[in-house]
Amino acid sequence: YVKVPKSWIKFVDVETTKAIQYTDIGDKGYIVTLNTIEQDVTAEYATKAITEGIKGEGATAYYYKKSIGDYDGYVIKGSYTDGTYIDSYIFQTDDGVLRFVSIEGPDRYSENFDIPQTFTLTK
């Protein structure tokens, strides 16, 4: 779970139907994505692969170690030429599940980019 503003709505992206996503519906709005990584890989391997995927979409991207809540993992920071930014967190929770939480939007300095840090396994 993450804490999103009450005005945001849940939606399904046709490319990631397994993910849980919320958006503020703005013209260049924000999107929060929660997903799991089902391959049997480490958080570091998944981070490297996702970083390369973002770069393959034409973005500039890099990653580093970072905690999200009580969990150690990685954050990927990316920026696209259209002015969209993305921060993706990859980490393993105590239940052994490899998780992916991201935020994308037009203003990297918006408090919306803090939403992934509100992640918790319980409501």
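In this text, all values refer to a predicted model and were calculated from it rather than measured experimentally.
Of all the heavy atoms in S102 and P116, the pair that sits closest is C-CG, 4.3 Å.
The pair K48-E44 counts as a salt bridge, with a side-chain nitrogen and a carboxylate oxygen less than 4.0 angstrom apart. With respect to the salt-bridge test (charged N to carboxylate O, under 4.0 angstrom), the residues R108 and D87 qualify.
Within a 6.0 Å sphere centred on CZ of F11, other residues, nucleotides and ligands contribute more than 12 heavy atoms. Counting heavy atoms of neighbouring residues, nucleotides and ligands inside a 6.0 Å radius, atom CG of D70 does not exceed 12 of them. Within 6.0 Å of atom OH in Y109, 12 or fewer heavy atoms from other residues, nucleotides or ligands are found, so the atom counts as exposed in its surroundings. Other residues, nucleotides and ligands contribute only 12 or fewer heavy atoms inside 6.0 Å of the CD atom of E111.
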**Report entry** Derivation and outcome, side-chain contact (heavy atoms from CB on, under 4.5 Å), residues W8 and Y30
**Finding:** CA-CA 9 Å; W8 287 34; Y30 293 89; 3.5 Å; yes

Report task. Show the numbers, then the answer: is there a side-chain contact (heavy atoms from CB on, under 4.5 Å) between L98 and T36? Result -> CA-CA 6 Å; L98 193 56; T36 58; over 6 Å; no

Query raised in the report: Between T23 and Q21, does a side-chain contact (heavy atoms from CB on, under 4.5 Å) hold up when you go through it step by step?
Result: CA-CA 7 Å; T23 184; Q21 295 183 296; over 6 Å; no

**Report entry** Check against side-chain contact (heavy atoms from CB on, under 4.5 Å), Y80 and T60
**Finding:** CA-CA 7 Å; Y80 293 87; T60 301; over 6 Å; no

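A donor-acceptor distance shorter than 3.5 angstrom exists from the side chain of S110 to the backbone of N112, with no hydrogens or angles considered. Under a 3.5 Å cut-off, the side chain of T118 and the backbone N or O of V2 do not form any donor-acceptor pair.
Counting heavy atoms from C-beta on, the side chains of F100 and F91 never come closer than 4.5 Å. I50 has its side chain within reach of I37: a pair of non-hydrogen atoms, C-beta onward, lies under 4.5 Å apart. Side-chain contact between K10 and I20: present, with at least one pair of heavy atoms (C-beta onward) separated by less than 4.5 Å. In this structure the side chain of Q117 reaches within 4.5 angstrom of the side chain of K66, judged on heavy atoms. Contact annotation: the side chain of L34 approaches that of V32 to within less than 4.5 Å [non-hydrogen atoms, C-beta and beyond]. No side-chain heavy atom of I103 sits less than 4.5 Å from a side-chain heavy atom of I86. For the pair Y62 and K77, the minimum side-chain heavy-atom distance is below 4.5 Å. Side-chain contact between I90 and S88 is present, with heavy atoms from C-beta onward closer than 4.5 Å.
For the residue pair T84/D82, the side-chain donor-acceptor check at 3.5 Å is satisfied.
Grouping the Ile, Leu, Val, Met, Phe, Trp and Tyr side chains by contacts below 4.5 angstrom, directly or via other members, places Y22 apart from I31. Hydrophobic clustering places V75 together with Y85 (ILVMFWY residues linked when any side-chain heavy atoms are closer than 4.5 Å, directly or through intermediates).
The OH atom of Y89 lies 10.5 Å from the OG atom of S67; values are rounded to the nearest 0.5 Å.
Evaluation of the side-chain contact (heavy atoms from CB on, under 4.5 Å) rule for L121 yields Y71, T93, D95, R99, F119 as partners, not counting sequence neighbours.
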